[in-house]
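Throughout, residue positions are numbered sequentially from 1 according to the sequence presented. For the numbers below, each heavy atom of this structure counts, side chains included, while hydrogens, waters and symmetry mates do not.
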Amino acid sequence: MLVIRSCTTLLLAACITFCSQAQVSTSIKSALQPAVKNGGFHMDSFILWCPSVIKVGDTYHMFASRWPKQYGLEGWTKYSEIVRATSKNFLGPYTFQEVVIQKREGYWDNDRAHNPKIVKAGDKYVLYYISSANETGYATAPSITGPWTRIDKIAMPFSNPAPLIRKDGSVYVFGRKSVNNIRVAQAYEAPAYNGNYTLLNNGDNLLPDSCQLEDPTIWWANNQYNVIVSDFQGLATGTKKGGAQYYSKDGVHYILVSKEPVYTTTLTYDDNTSEKFRRRERPFAYVNEKGEVAAFFTACLPENGPARIEVQPVKNYSVK
């Protein structure tokens with residue numbers, strides 16, 4: 001009798017644990033609204049990629065990668081530069097303002113400037129970006145319009161940085177590294193943006209089931225790290241390069257929210273039309289002043305014409 005009761009108790013405890021974990025997070029997919037047909041960021045002569053948005057005063061500033069459309073999508077490897085565009089509405093349309101960062105000869109970022117992520121740390125704006133594979137550094141400025149001061153050596157030997165500035169000023173950066181051609185999730189943390197970055201979990205893949213990734217975006221809600229990534233091989237969602245959403249309480253052990261992809265290559269607009277893209281990548285979740293995800297950006301490559309950045313409003317979404 002004692003053994004039966006003990007087993008029952010253990011099973012009940014396991015069930016409670018499983019159920020509580022399963023209910024910790026809900027997918028953003030159901031909160032995504034149709035994309036704004038005339039929103040986002042478009043430039044007729046350039047391919048646009050890698051959106052990242054921050055609000056300063058009453059203006060929204062988008063940092064993005066761009067390169068001349070004549071070089072095609074692979075042109076990012078030599079010609080990518082980081083630009084800034086602005087809008088009074090977070091849904092856009094965004095208007096080009098300036099080139100912010102270009103590659104530098106003789107430094108770590110001599111190949112390209114790509115994959116920007118803009119955050120604010122104290123009184124500094126910090127712009128993380130990559131150059132060659134597995135090289136992440138940053139530039140800082142006292143104002144969103146610069147001037148920008150770059151570091152002269154890499155901060156972290158991985159790619160696709162998704163930085164999160166914690167309330168105490170420390171930094172957590174989620175990203176990916178190619179190890180033997182396998183794209184694993186890694187994370188670094190530092191006491192401050194300009195401190196030493198320490199690799200977590202010995203560099204082992206933070207995603208379950210050996211899933212691979214690209215292009216993470218991150219935000220903090222419900223006392224947990226929340227990320228959306230490009231499901232590189234489709235192992236998580238069954239859709240290659242579809243959107244996969246994960247969460248983690250400790251920044252090391254991540255749990256898949258849903259096997260249903262957050263997004264695919266088909267996008268519906270607010271005028272009831274839709275478009276199927278050749279590629280749809282580089283997700284970015286814009287978080288407003290209340291800590292809510294208010295908009296979802298993706299880089300979209302159409303069948304004809306250069307890639308552009310599209311934006312979907314996010315309605316009544318909270319991580320539960």
So, K259 versus T237: side-chain donor-acceptor pair below 3.5 Å or not? no
Between the main-chain N or O of Q224 and the side-chain N or O of N226, is there a donor-acceptor pair closer than 3.5 Å? yes
Are the side chains of F277 and E303 in touch, meaning some heavy atoms are under 4.5 Å apart? no
From K177, R176, K240, residue fulfilling salt bridge (charged side-chain N to carboxylate O under 4.0 Å, His left out) relative to E214: R176
With heavy-atom distances below 4.5 Å as the criterion, would you say the side chains of P313 and Y286 are in contact? no
Over all atoms of both residues, closest heavy-atom pair of S143 and Y125: C-CD1, 3.6 Å
So if I apply the side-chain contact (heavy atoms from CB on, under 4.5 Å) rule between Y129 and each of I118, V100, I101, which one comes out positive? I101
Is there a side-chain contact between L73 and L301 in this structure, where contact means two heavy atoms from C-beta onward sitting under 4.5 Å apart? yes
Separation between NE2 (H61) and CD (Q97), nearest 0.5 Å, reads 8.5 Å
Would you say the side chains of T198 and E189 form a donor-acceptor pair under 3.5 Å? no
What's the spacing between S159 OG and M156 CE if we round to 0.5 Å? 10.5 Å
Contacts table for residues 287-296: side-chain donor-acceptor under 3.5 angstrom, sequence neighbours left out:
residue	atom	partner	partner atom	Å
N288	OD1	K290	N	2.9
N288	OD1	G291	N	3.2
N288	OD1	E292	N	2.9
N288	ND2	E292	OE1	3.2
E289	OE2	K55	NZ	2.9

Applying salt bridge (charged side-chain N to carboxylate O under 4.0 Å, His left out), run through D109 and R150 and close with a yes or a no. CA-CA 10 Å; D109 49 0; R150 314 188 209 190; 2.9 Å; yes
Do Q312 and Q33 pair up side chain to side chain, a donor and an acceptor below 3.5 Å, judged on atom types alone? no
Validate the cation-pi geometry between R66 and W49: distance from NZ or CZ to the six-membered ring centre under 6.0 Å, angle to the ring axis within 45°. no
Heavy-atom closest pair, residues W219 and V319: NE1-CG2, 3.9 Å
Restricting to ring pair (Phe, Tyr, Trp, His ring centres under 6.0 Å), what partner residues turn up for Y254, sequence neighbours left out? F174
To the closest 0.5 Å, what do you measure between CG (L127) and OG1 (T140)? 10.0 Å
Heavy-atom closest pair (Y197 atom, A192 atom, distance to 0.1 Å) is OH-O, 4.2 Å
May I ask you to decide if K78's main-chain N or O and K103's side chain share a donor-acceptor pair within less than 3.5 Å? yes
Residue pair N201 / L206, side-chain heavy-atom distance below 4.5 Å: yes
What I'd like to find out is whether the side chain of Y263 reaches to under 4.5 Å of the side chain of I228, using heavy atoms alone. yes
Is it true that the NZ or CZ of K69 lies under 6.0 Å from the centre of F46's six-membered ring and within 45 degrees of the ring axis? no
Quick one: does Q212's side chain have a donor or acceptor within less than 3.5 Å of a partner on I182's backbone? no
Nearest atoms (heavy-atom pairs only) where G106 meets N110: N-CB, 4.0 Å
Excluding sequence neighbours, so at least two apart, what forms salt bridge (Lys or Arg N to Asp or Glu O under 4.0 Å) with R308? E275, E310
Using every non-hydrogen atom in the two residues, find where Y94 and L91 come nearest and quote the distance to one decimal. CE1-C, 4.2 Å
Atom CG of residue position D250 - does it have more than 12 heavy atoms of other residues, nucleotides or ligands inside 6.0 Å? yes
In terms of hydrophobic clusters joined by side-chain contacts under 4.5 Å, are F158 and L207 together? no
Worked check of side-chain contact (heavy atoms from CB on, under 4.5 Å) between Y246 and I255: CA-CA 5 Å; Y246 296 86; I255 297 172; 5.9 Å; no
In the structure I gave you, are the side-chain heavy atoms of I130 and E135 within less than 4.5 Å of one another anywhere? no
So CZ of R279 and OG of S230: to nearest 0.5 Å the spacing works out to 8.5 Å
Can a donor-acceptor pair be found, under 3.5 Å and without considering hydrogens, that links the side chain of Y172 to the backbone of G251? yes
I'd like to know if V311 and V53 are part of one continuous hydrophobic network [Ile/Leu/Val/Met/Phe/Trp/Tyr, side-chain heavy atoms within less than 4.5 Å]. yes
Verify, without hydrogens or angle tests, whether S248 (side chain) and H253 (backbone) share a donor-acceptor contact under 3.5 angstrom. yes
Taking side-chain hydrogen bond (donor to acceptor under 3.5 Å, both in side chains) as the definition, give me every residue that meets it alongside K88, ordered by chain and number, with sequence neighbours left out. D58, T59
Using modelled atom types and a 3.5 Å cut-off, is there a donor and acceptor pairing between side-chain atoms of S27 and backbone atoms of K29? yes
Side chains of T273 and D271: do they bring a donor and an acceptor to under 3.5 Å? yes
Rounded at 0.5 Å granularity, tell me how far SG in C50 sits from CD1 in I309. 7.5 Å
Distance, nearest 0.5 Å, that separates CD of Q186 from CG of N202: 10.5 Å
Ignoring hydrogens and geometry, is there a side-chain-to-backbone donor-acceptor pair from T77 to E74 under 3.5 Å? yes
If we ignore hydrogens and angles and just use 3.5 Å, is the side chain of S65 paired with the main-chain N or O of N115 as donor and acceptor? yes
Check whether any side-chain heavy atom of Y60 lies under 4.5 Å from a side-chain heavy atom of T86, and answer yes or no. no
Please assess L213 against F232 for the test side-chain contact (heavy atoms from CB on, under 4.5 Å), listing each intermediate value before the final yes or no. CA-CA 5 Å; L213 80 157; F232 188 70; 5.6 Å; no
Does I28 offer a backbone N or O that forms a donor-acceptor pair with the side chain of Q245 under 3.5 Å? yes
Donor-acceptor pair, side chain of S80 and main chain of A113, under 3.5 angstrom: yes
What verdict does the side-chain contact (heavy atoms from CB on, under 4.5 Å) test give for T26 and Y317, after you've listed the backbone C-alpha separation in whole Å, the side-chain angles of each residue and the deciding distance to 0.1 Å? CA-CA 9 Å; T26 54; Y317 177 66; 4.0 Å; yes
V171/Y128 under side-chain contact (heavy atoms from CB on, under 4.5 Å): CA gap, chis, key distance, verdict: CA-CA 12 Å; V171 185; Y128 290 85; 3.6 Å; yes
Got a sec: does the CG of N196 have more than 12 other heavy atoms crowding it under 6.0 Å? no
For V126 and A121, work out which heavy atoms get closest and say how close. CG2-CB, 4.1 Å
Using the salt bridge (Lys or Arg N to Asp or Glu O under 4.0 Å) criterion, which residues pair with R280? Sequence neighbours excluded. none
Results of salt bridge (Lys or Arg N to Asp or Glu O under 4.0 Å) for R282 - residues two or more places apart only: D215
Within the 4.5 Å heavy-atom criterion, are Y138 and N194 side-chain neighbours or not? yes
